[in-house]
Number of protein chains: 4
Amino acid sequence: MNFDIAPAAATPIYRQIVDQVRRLAASGQLAPGAELPSVRAVAQQHAINPMTVSKAYSLLEAEGLLQRRRGLGMVLAEAATPAAAGDKAALLRPALAGAARMAKQLGLSDAEAQALFQACLQDPSSKAPYEHD
Amino acid sequence: MNFDIAPAAATPIYRQIVDQVRRLAASGQLAPGAELPSVRAVAQQHAINPMTVSKAYSLLEAEGLLQRRRGLGMVLAEAATPAAAGDKAALLRPALAGAARMAKQLGLSDAEAQALFQACLQDPSSKAPYEHD
Amino acid sequence: MNFDIAPAAATPIYRQIVDQVRRLAASGQLAPGAELPSVRAVAQQHAINPMTVSKAYSLLEAEGLLQRRRGLGMVLAEAATPAAAGDKAALLRPALAGAARMAKQLGLSDAEAQALFQACLQDPSSKAPYEHD
Amino acid sequence: MNFDIAPAAATPIYRQIVDQVRRLAASGQLAPGAELPSVRAVAQQHAINPMTVSKAYSLLEAEGLLQRRRGLGMVLAEAATPAAAGDKAALLRPALAGAARMAKQLGLSDAEAQALFQACLQDPSSKAPYEHD
DNA sequence: GTGGTCTAGACCACA
DNA sequence: GTGGTCTAGACCACT
């Protein structure tokens, strides 16, 4: 399991992790009982502070999404079943709504905006949103 | 000219202004030479501090998008044609790319994501993205 | 007589005028009794506010360098004889001293700095110093 | 690392900092990855407001010359090689070009101007340029 | 510890 | 009228 982290992005690192776990859990790509990479492993891999990863995990634990298994690290909580389509939509909508407002301000037609989105869906490269210059 | 400001959003106010001017300039809705509302006017209208508005304008000036007409106010730079102000697509793509990655992590199909985006384009309500809790 | 005015520069317009008249008078390029261009002419030629030109002339009058001849406009005061070389140097030194400090911070040798200055002396084009981005 | 700040000069403090960092980066005296003194440290050392320092750093970040290491401080951007930071000559030329035009207006010969510049290079004392009266 | 953001208010300078 | 600059102090967020 790899997190997709952009240290220079505007969204704080701990939040990038939290949001990603939420989404992976909602989609079922992370199954109940599945182990998460250790704090140290994540920290080392992305050259970030272990405290940052730990903070993210702690938040997810407080939320009930993760469980601490002694000596084993964190695993996805058994109760964390994949979400219904509606719930998934709720996690995605804010981002899309923001993009939609931007498209309007840019004077793009709905068709143009959708074409651009389609391109992004097919090409998963490119950077994170809201980066500071 | 009115800015669309959400004081409670996670994105700082000054940045909301900066981003909006960029998009309005790129779309041509703000023509080169056009006057921007005065710092004091914007501040009063949205009940925010003049310095916050001033900060946004200063950044845009440093960026070359705005020019100071001394003692008169700020105008959109003559050189800031919609083309020069940056591709519309370039201003929108980061947000869409981020949303696309989220959709993948949620296990949504491209069609599902597109449908949700379509809904957002037609319903301009809803909140700003990336709000902190 | 033409003033060399850069409306976008950091130094205020009125001060650009004041300093220029001082230098032209010190050098003798503007002789005692010589007429200065009218406020309206300068304002129109450079698309600046007549009040700005007027302010500059008033300051120079208060300084004794200009005299108001009724119906004739401003003329250089009879008492304004060309300055000695030492005085001219005094008007130029601050600018050169600032440039010298910059050269040091840039790690340029004296020879390199002088070569660059020599180039500037021979090519009178290029922009004003201290422009805001 | 110490900044050279003149609180009484006409050039605003934040701009003195910005310009100095630019020059130190261009000269290589500040290497990519090097840490800058903290906002609070600079503020305390020169008895100025932290926001003033912060403003300078923010501008330099927007410019791409500095990068924020969250929670740690600012470092010179990795991409900011002396070359990329802008030609040394480009940073010095505007000041020299302005001085050259002044010299012409003063009726000084190139040799006289050069001699005066030479003196300034050897005597690093003297005041900042463009002080308002 | 770090920087970011905003406020409130002051004073200046320019046109 | 306009924006620019700085201060003092608050609170937040990240590491």
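Bear in mind the structure is a predicted one, so any value in this text is a computation, not a measurement. Proteins come first, then strands; the chains are lettered A, B, ... in the order of their sequence lines, and each starts at number 1.
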Answer yes or no: is there a side-chain heavy-atom contact under 4.5 Å between P12(A) and R70(D)? yes
Could you pull out all residues at least two apart from L24(D) that satisfy side chain to side chain contact (heavy atoms under 4.5 Å, CB included)? M1(D), Q29(D), L30(D)
Taking only residues two or more places apart in sequence or in another chain, which ones pass side chain to side chain contact (heavy atoms under 4.5 Å, CB included) with Q67(A)? R69(A), V75(A), A77(A)
Rounded to the nearest Å, what distance is computed from the CD1 atom of residue I17(D) to the C1' atom of nucleotide dT5(F)? 13 Å
Rounded to whole Å, CZ of R70(D) lies from P of dT5(E) at a distance of 11 Å
Rounded distance in Å - CD1 (I13(C)) to C1' (dT2(F)): 13 Å
Sort and list the pairs that fulfil side-chain hydrogen bond (donor to acceptor under 3.5 Å, both in side chains) and have at least one residue in residues 48-59 of chain A, not counting sequence neighbours. none
Any residue of residues 44-63 of chain A with a heavy atom less than 4.0 Å from an atom of DNA chain F: N49(A), T52(A), K55(A)
First encountered from the 5' end of DNA chain F, between S38(B) and G71(D): S38(B)
Residue-phosphate contact under 4.0 Å: Y14(B) side-chain N/O, dT5(E) OP1/OP2: yes
With D4(D) via salt bridge (Lys or Arg N to Asp or Glu O under 4.0 Å) - residues at least two apart: none
Going by the rule side chain to side chain contact (heavy atoms under 4.5 Å, CB included), which residues pair with E61(C) if we only count those two or more places apart in sequence or in a different chain? R68(C), M74(C)
Between E35(B) (CD) and dT2(F) (P), how many Å, whole number? 10 Å
Checking side chain to side chain donor-acceptor pair (under 3.5 Å) between N2(D) and each of Q45(D), H46(D), Q20(D), which is the one that passes? Q45(D)
Measure CZ/R69(B) against C1'/dG4(F) and give the value in whole Å, please. 18 Å
Residues in side chain to side chain contact (heavy atoms under 4.5 Å, CB included) with Q44(A), at least two apart? none
Just how far, in rounded Å, is P of dC14(F) from CZ of R15(A)? 8 Å
Which helical stems does DNA chain E take part in, if a stem means at least 3 consecutive Watson-Crick or G-U pairs with both distances below 3.5 Å? E:1-14 with F:1-14
Can you check whether R68(B) has a side-chain N or O nearer than 4.0 Å to OP1 or OP2 of dG3(F)? no
For L72(D) and dG1(E), what is the distance between atoms CG and P respectively, to the nearest whole Å? 14 Å
Q16(A) CD to dC14(F) P, straight-line distance once rounded to whole Å: 11 Å
Applying side chain to side chain donor-acceptor pair (under 3.5 Å), can you list everything that pairs with E35(B), at least two apart in sequence or on another chain? none
Just to be sure I understand the rule, does R40(D) reach a base, reach only the sugar-phosphate, or reach nothing, if contact means heavy atoms closer than 4.0 Å? base
